[in-house]
Each structure stands twice: as structure tokens, then as C-alpha cells.
Amino acid sequence: MATNYDFSRSSFLMEQYQKEMELIALALQEESQDEREERLGLVTRSWSLTTACFQSQLETSESTVYAPAVLAHQ
């Protein structure tokens, strides 16, 4: 169940993400083609690590939420 805190945090993270993406877009416009290709290659290679990190955090937070319920039924 999501709380107001969850939505506020989600909104804040989305705003931060959008700001960071805008900065990256500006930087990419100023880079040469070689620099741009190198940077995009780094982003591509790091994407799987980033998603794994977020997935791990999600799983950890879900297990923390459900752990007391599991213990209560034992």
C-alpha cells in the first residue's frame, strides 16, 4: 500500500531524474560526436547495473514490509 510519503518521494525522485536528464542532454549537445558515442556507450553499459540496484532496493523494501506479517503467522 502506497502512502503519501511514497508518492512525495516518488515525485521528488522523478523531478530530480528529469533535472539530471536535462543536464545530460545539454552536455551531450556540446560534446563532439566521438565524445557523445563514448558517453552513450558508458550509459548503455551501466544501465543493467543501475536497474539491478533499484530492483535490489525494491526487493529489500518489500521483504521488510512483509517480514512482520510472516513472523506474526508463525
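Each of Gln16, Glu20, Met14, Met21 was scored for a side chain to side chain contact (heavy atoms under 4.5 Å, CB included) with Gln18, with one residue passing: Met14.
Residue Trp47 is not grouped with residue Phe54 when hydrophobic side chains (ILVMFWY) are merged at heavy-atom distances under 4.5 angstrom, including chains of intermediate members.
Judged as a side chain to side chain donor-acceptor pair (under 3.5 Å), and not counting sequence neighbours, the contacts of Ser32 are Glu35. For the side chain to side chain donor-acceptor pair (under 3.5 Å) test, residues two or more places apart in sequence or in another chain that qualify with Glu37 are Gln33.
A donor-acceptor pair under 3.5 Å is formed between the side chain of Thr44 and the backbone N or O of Leu40.
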